[in-house]
Amino acid sequence: MDEKYFPEKIEEKWQKSWAERGVFEVERDAERPHYYCLEMLPYPSGFLHMGHVRNYSIGDALSWYKRLQGFNVLHPIGWDSFGQPAEQAAIKRGVNPRAWTEDNINHMRGQLQRLGISYDWRREIAAHTPEYYRWDQWFFLKMYERGLIYRRMSPVNWCPKEQTVLSNEQSSGGVCWRCETPVVKKDLEQWFVRITDYAEQLLDDMKEIEQGWPERVLTMQRNWIGKSVGAYLDFCIKDTDKKVRVFTTRIDTIYGANAIVLAAEHPHLSELMKDSALKPDVDAFIAGVREARNRATEPGADEEKEGINTGLQAVNPFSGEVVPVWVGNYVLTEYGTGAVMSVPAHDERDFEFAQKYTLPVRQVIAPVTHDAEPSGFDPKLGVDQSIEMKEAFTDYGVLVNSGEWSGKLSDAAMKEMAGFAHEKGFGEMAVTYRLRDWGISRQRFWGAPIPMIHCPSCGIVPVPEKDLPVELPTHADFTATGQSPLETVPEFVNTNCPKCGAHARRDTDTMDTFVDSSWYYFRYCDPHNQDAPFDKEKVEYWAPVDQYIGGVEHAVMHLLYTRFWTKFMRDIGLISFSEPVKNLMTQGMVVAETFYREEGGAKTYFNPAEVDVVRDDKGRITSARLIKDGQAVVVGPFEKMSKSANNGVDPNEMISAYGADAVRMFILFAAPVENDLRWQEAGIDGALRFLRRVYTFAWRWRDAVKSAPQVAPDASTFSAGARALRHETHRAIERVTRDLEALHFNTCIAALMELSNAFGQFAATPESASDADRFAAREALEALVLMLTPFAPHISEEMWEGFGHEGGILAGEVRWPVADEELARKEELEIPVQINGKLRARIRATPDASEEHLRETALADEKVRAWTEGSQVVKVIVVPQRLVNIVVR
RNA sequence: GCCGAUGUAGCCCAACCAGGCAGAGGCGCUUGUCUUAGAAACAAGAGGUUGAGAGUUCGAAUCUCUCCAUCGGCACCA
């Protein structure tokens, strides 16, 4: 150990040492408890950004902590190396996607190593390698065998910018998940995965992970799956033998139905309209709806409700009443049955629709009150209440105007009416989901080819397992025309049918990259397996994942898909558990100040490094100037670090300036992990200052630590200062350990700073220290260094070595310190005394002082007596160790 | 619009779960020591209607209710 702290030198030294000794390389070990710590694998865009640094610093802190507690810790990393940017680079700059990707991986691997993240690098995987994606294809075939994969022509979400299909999850909110371009609908033949078969399990199994996942992620998944319980009802179409089935969650409102409304793409519609004189009008309307739908709409914009009467009539199965059949633009084809019964009195959308087309409104639910008559309802009102009702009444209540069902409460009526419908054969209880099947075809080159062959005589034939992987060709035409680039590669496309041997064509779509990430962390457990995606026993040893860490943006994409994939793997016997991740932690974004100038409506952003900030005496930014020209720039809000806001900070530069340990330390300290983190360079200075301070203590005391007694000297030999230090040490151990378990890294680090401050208060000098002093100092410094290891491993190793321990922290049987409860307790407390709730005095007492003693001491206190004199003490409240409150009158 | 989270010193945050002195830690600011000066280091200090209001309680940042603000998710899902 040098006298001065040189981060770069120390970090290189220990990174080399770790790699040489393979200290993070793990195998199954029956002797030790195991722990699987996982961070979301990065897309190899070329450069690590601060969000990555945060993600991996969190995982690394946890991994080190668990290792020091004696766990066998699996901490792997890999690359989500298929996907758009590589192909965009190919289109724009003509580079080879593979070469581009692999260069990026090499660079980013170097960055991760420079950060000193403790991965088992032997387990590194990359999705774009045939060794990996052959198993994507294998899973595809297994799903196909089980009927979980099918091909269908359907309207799909299309990103016009990326020229490819997106899944529903990837186009949530009507925009592309990558580029935020509004998506349009397009009719395409696509491969789908029947994730909807697992909808109920995906919901139900949430009870297994409720404890370990953030509530908001589960809520988001629940909303996305969108289970809804209701009923199907068949309406006969008059003068035909056809029926239209509707889905409703409010069967209790059926007597209020004034129409049936079909989606424009309802399957029976053309058949029903075949002989109608209104057919041309209806067809024109349908065409209009389609056209509107294929336009990209402003996300969130509400479309005006429109409809057209088909002239058809339907019969209400409950009342026998005849109601018109409409087609409406607001009815979704893909949800429920693509048809609804319109009950304007009790549904906002139907109400709006009825208002627009002046359809009758009939109230059939009245609010429940304790009065004899339902309130808010006048039975004398006419059948049509479109004038009286100002808005739909959507609450549950009591049925009115509903024939024999009148008087029943909604709740009971819904059950009984569904039962009745079932009995009479015109309906049944039903459950529908908002979740749709997962469209996985992508019209892209840089992905795993779909292992299917189109044969003119045999139809669609799966590639035999023995022929996997279907390898990507090295080149294709990257023209971004919306057609799969693989179409342009004859040697890829042309093949022979595995069944009949005739000339056939390969499928030219590739798989959604979310397929790759659905099972990658199982592969880490057995990364080089040639015969299977992984060995069951190896996976069952490590998995499920104990702690998963990543961004909340994957709450409903990756995290839903991977839960589904896990259940499928269970169903084909690969594993025996249902939920892949026991504990999930979602980290906040890294945000930074933005600076810009606006000219002609266009903002030009400047990097914080180019800007000089002026603050007032309270530290608030008052103005900012561009260093280059000295002229003012606008100070913008904090935003996620990005290219477009030009507020990114390069981790490499930070590491060069402050060292990896200080960067990691700051990023964990600056905010709770789930909060957004405001990047402020001054904060790293603080982290570096702290590390230097600790390092200086270690340097000064290293010999005293080495020569300190191994066994605690007699209690009586400790000075007051040494006792105080020991108290702080053990209190810090308690706090750091407790907070680490909860992933509260910021408070852990604060506790370490306190311990270091306490050490600074320790009056003894290394030269003059007694045995007891040296013991207390060693205890404090060794605990401090060990507890610092998860956050700043390099400097900790260096100091640990400085204390005379050979071979690295993980070499021996070094363990996380354990707090002595007795020592962690304070010897004497200062207890506030309140008079009528206001602080008036303080008394001193030991922690175990009895209530009685505290009461007496407080009442006898001079200051207290001044307040109680001449008044009557009504009550004395004593909270042991905390406070005495005297109520006087 | 619906659901959820958050709101504490100039800033990041702790204390909230389980009511008890409003402050652990860091940044920034002020002053001092040191220094030719600055930086660093060390020492000291200032800074508050805990978003607003009401309720419960001897006592509320903490529990309950209402409102406001910010952020996130969903948004014709029948």
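Chain identifiers are assigned alphabetically (A, B, ...) following the order of the sequence lines, protein sequences preceding nucleic acid strands; residue numbering begins at 1 within each chain.
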> Does anything in residues 756-766 of chain A reach RNA chain B, meaning a heavy atom under 4.0 Å, and if so which residues?
Replying inline: A:Asn757
> Does A:Ala750 or A:Leu677 map to a spot on RNA chain B nearer the 5' end, using the closest nucleotide for each?
Replying inline: A:Leu677
>> Does the structure show a Watson-Crick or G-U wobble partner for B:A15, both distances under 3.5 Å? Name it, or say none.
In response: none
>> Say we look at B:U33 and B:A37: how far apart would their C1' atoms be, to the nearest angstrom?
In response: 16 Å
> Which value, in whole Å, describes the distance between the C1' atoms of nucleotides B:A40 and B:G32?
Replying inline: 16 Å
> Do the non-hydrogen side-chain atoms of A:Phe235 and A:Lys243 ever get within less than 4.5 Å of each other?
Replying inline: no
> Is a side-chain N or O of A:Lys356 found less than 3.5 angstrom from the main chain of A:Lys305, in a donor-acceptor match?
Replying inline: yes
> Nearest to the side chain of A:Leu883 - B:G25, B:C13, B:G20?
Replying inline: B:G20
> Counting only Watson-Crick or G-U wobble pairs whose two distances fall under 3.5 Å, which nucleotide matches B:G55?
Replying inline: B:C63
>> Quick check on RNA chain B: between A:Asp676 and A:Pro832, whose nearest nucleotide comes earlier from the 5' end?
In response: A:Asp676
> Would a line drawn from the ring center of A:Phe666 to the ring center of A:Trp679 be shorter than 6.0 Å?
Replying inline: yes
> Can we say A:Arg222 and A:Glu215 salt-bridge, meaning some charged N sits less than 4.0 Å from an Asp/Glu carboxylate O?
Replying inline: yes
> Got a sec, which residues hit side-chain contact (heavy atoms from CB on, under 4.5 Å) with A:Tyr561, two or more places apart in sequence or on another chain?
Replying inline: A:Ser167, A:Glu169, A:Ile195, A:Trp438, A:Phe514, A:Ser518, A:Met557
>> Taking the side chain as everything from C-beta on, heavy atoms only, tell me whether A:Val261 gets closer than 4.5 Å to A:Met341.
In response: no
